[in-house]
Structure formats: structure tokens, C-alpha cells
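Read the structure below first, then the notes.
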Amino acid sequence: MEWILLLEKSIWFGLAALGFGVLFSVPTRTMAAIYLMGAAGGLTKVVSMHLGLGIVMGTLAGAAVIGLLSIPAAHKRHAPPPVFAIPAVIPMVPGILAYRMMLGVIKLAGTVQPDTYTQVLSETVNNGLKVLFILMCLAGGVAIPMLITRKDSAKHIRFHTLIKD
Amino acid sequence: MENKESAVQYYDGQIVVVDDAEQFANATDQHLIKDLGKVLLEIGTILMSSGANTGRIRNNLNRISDAYGYKTELLISHRSLMLTISDERNCYHFNSLKRTPPHGVNFKVVTGISRLSWRVVDEKLSVAQIKKELDRLLSLPHYPRWVILTLVGLAGASFCRLAGGTLQDMLIVFAATSVGLFVRQESHKLQFNPYLCVYFASLTASLIAGLFVKFGFGNTHEPAFVTCVLFLIPGVPLINSFSDLIEGNLQNALIRGLSGLIISFCIALGLLTSTVIYQF
């Protein structure tokens, strides 16, 4: 039952990725790939979180899957890898955490109530750091294939060279 | 001399008065370098405003000028591009500066220019052909407005579901997101400051979602109110900022990051205004 819920989430991850693809006016031929990559990355994230990896490392795993998939997608659909990767990782942006951080900062800036202040402070710092690290993981995960293959253009990356390297 | 031949073909119809073949080759080379420089400046500024990272702009421009056998040096910044293109053999230089048009993400153009640069390498396109292809890319239509509004609305609804919203929350977020995006597009047309457009959109979307949360039609709650503004998140500036950062283009990385931060701040300000109005 839990696994079905996780699979259901991947549908929504894909749909959110597709929406951002349209917003960034990607070429029509790349849309199916963007949906699938968004879904695969999202599924990786929720499964790793389900296995107890934590939200930050889970996001890194999801973004890395998207980054690796963006290379074959770029070859097959003739478009640069970021065109696939950027819309596909955006659904993993931690909106709720960022919102809670913002509310916390506003509370901290208001009148000081000595009994709750420390608790609000620690929650806000915790949420804020999570947001920061998740965003860095998103961008870093996408960059992984370019970093390990040390190539300037995805046109020269093939999967067998990627494994050999 | 292959250089001369291509130059003759390119300057078809133009009278060039010369004494000998070498002088002719030099004169046309000078023209070619100037025209290529102008086209490269245009390509570079368009790439920057369409959401390519600094490394991609440099790669694309170098790829095209290498195919012509010229050397290009670039100074890439957020709102302007400086370029020096030179021919080592004759010591001709072309040096110019161009202002970048207002930023608006368009991956169709980024894809098109990337493919164009490879075609210049493989098929030896002339400068006139590059110009023609560039004009074609820029005239490609966007998706129809209703398609964008519907799919971005669906994306918002998906965000809501992922944050644990119910079906009812999803419908509210769908409506709020679509109207919010509509407001953003309209305020862009009225030429408001781009950050202000984000604020208007964020305020509209959160006011609509907040209305349902506040006056409680059913049991709408937090996820709807938060996820209705997520369609505004500056994903392209933030991710490009990081990729510029690790490639060592620190100046552009900082500027892009700051730009993304200001957009995030405007989103938060819109949400904050709604919370003050509804007194959550």
C-alpha cells in the first residue's frame, strides 16, 4: 500500500515538471522525456526518503538520477541537457519548508516572548538550513554527469565512456 | 584560397574595387570578420536572456567562430556582452559591446542556437545563413496561452498534492495558480518592473487560496495556501547560478543568485501581505 502511494507521487512530480517545461517554452519533442525524468527523479527521492535517507540526501539522489538521464535524453531528442534537467528538478524545491522558515523569521523579528523564542529560533534555523542544502543538492545533482565526464559538450558523452571513466 | 571563394559568394552583388587578388581577399576578410562579430554578439545576448549559463554561451560562440578559423575572446555579464574577434593571420580585429535584452526564459531558442552552432561546424553555413536561421528561431511561436495557463495550473495542483493536499485543495490551487500566472503575464505586458510582476502574481494567487482557507469552504488548509505561489520560484536563475559557480564564473553566479533571491523575496512578500490581510 505504501509503495502505491509512492508511485502515485511520481505521477504528480512528472506533471509539475511538465508544467514548468511549458512555462520555459521547451521544444514539443522534449515534453515526454521531461515528464518521465521528473517522475523518475521524484520517485527516487520519495523511495530514498522512505528508506530513511533523509530529505537532503534523498533530493541529491533524485537530482543525480535526473542529471544522468538528461544525457541520453539530450542525444535522443536533440536538445541540450539543461533543457530537460531544469524543469525536471523544480518539483523537488522545498516550498513548505521555505514558507515555514519565512514565517519563523517574521516571528523572530517581532516582539520577543522569552518562553517560545528559543524554540522558534531553532526551528527556523533548521528549516532554513534544510532549504539551503536542498537547493544546493538540486543544482549539484544535475551537474554530476558533466563533472565526472569532464566534457564541455554533452554531444561527446556516451554512456559506455561514462562507465569506463 | 578557400577563404576568398566563400567571400566572393558572400559579397555577391556588392562592388568591391581591388587591384589584385590578395588585396581582395584581405578586404573581404575584414568584412566577414565584422559581420560574423555582429551576429555572434546577437547570438550571445539572446542566449543570456533566454536562460543559458555562462559556460554554454562561451561554448556556443567559440564553436561558431572556430568553424570560421577566427579567435574570439568574451566578457560575459548579466546585462551586456563584450566580444573581440580576430584573425591571427591578417591581424584584423572586430571589437564591440551589446546590451542584453530583458531576461525571459525560452528553452526553444537555447536548443535552436545549440543545434545551429553544430550545423555551422558540420555544414559550413555562411553568415547570411546563420542570420536567417536566427531570425527563424526568434519568430517561433510560444505555446498558446490557454495551454500554458492550464498546464502550469496542473503543476501547481501537483505541488499541492505532493505537499499533502486533498482533492479540494488541488482544485483551489489550480484556480489560484492559473489566475496568478495570468496576472503576471498581464503586468509584464503593462511593462511593470519584473520583480513587481512577481509580487502581484504572488499576492493574487495567495489571496485567492487564502480566501478559501480563511472562510473555510470545507476543510482547506496550509498546503493550498503555500503551494499556490510555487509556480513563481526562480528555478532557472538559481540552478544557473550554481552551475556558473562551480565552473568559476563567480561574478555571473553571484548576480544570478542575487536575482533569484530578490524574486524569492517578492514571492514571500506577496504571501506575507495576504497573511496580514487575512490575519492568519
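Below, chains carry the letters A, B, ... as their sequence lines are ordered, and counting in each starts from 1.
- Contact tally against chain B (heavy-atom pairs below 4.5 Å) for Leu138(A), Val142(A), Thr28(A), Thr30(A): the top residue is Thr28(A).
- For Val46(A), no part lies under 4.5 angstrom from a heavy atom of chain B.
- For Asn240(B), the part lying under 4.5 angstrom from a heavy atom of chain A is the side chain only.
- Both the backbone and the side chain of Val26(A) come within less than 4.5 Å of a heavy atom in chain B.
- The minimum heavy-atom distance linking Pro27(A) with Tyr143(B) is given by the pair C-OH, 3.5 Å.
- Minimum interatomic distance between Ser158(B) and Leu15(A) (heavy atoms only, all atoms of both residues): OG-CB, 3.4 Å.
- Among residues 243-252 of chain B, the residues having any heavy atom closer than 4.5 Å to a heavy atom of chain A are, in sequence order, Ile246(B).
- Using a 4.5 Å cut-off between heavy atoms, Leu181(B) contacts chain A through its side chain alone, with no backbone atom that close.
- Atom CG of Leu23(A) and atom CG of Asn106(B) lie 11.0 Å apart (nearest 0.5 Å).
- Distance CD1/Ile90(A) to CZ/Phe231(B): 13.0 Å, rounded to 0.5 Å.
- Residue Ala79(A) touches chain B through both its backbone and its side chain, counting heavy-atom pairs closer than 4.5 Å.
- Contacts from residues 97-108 of chain A to chain B, taken as heavy-atom pairs separated by less than 4.5 Å, involve Tyr99(A), Arg100(A), Met102(A), Ile106(A) in sequence order.
- Between Arg161(B) atom CZ and Lys9(A) atom NZ the span is 8.5 Å, to the nearest 0.5 Å.
- With a threshold of 4.5 angstrom between heavy atoms, Thr275(B) approaches chain A through side-chain atoms but not through N, CA, C or O.
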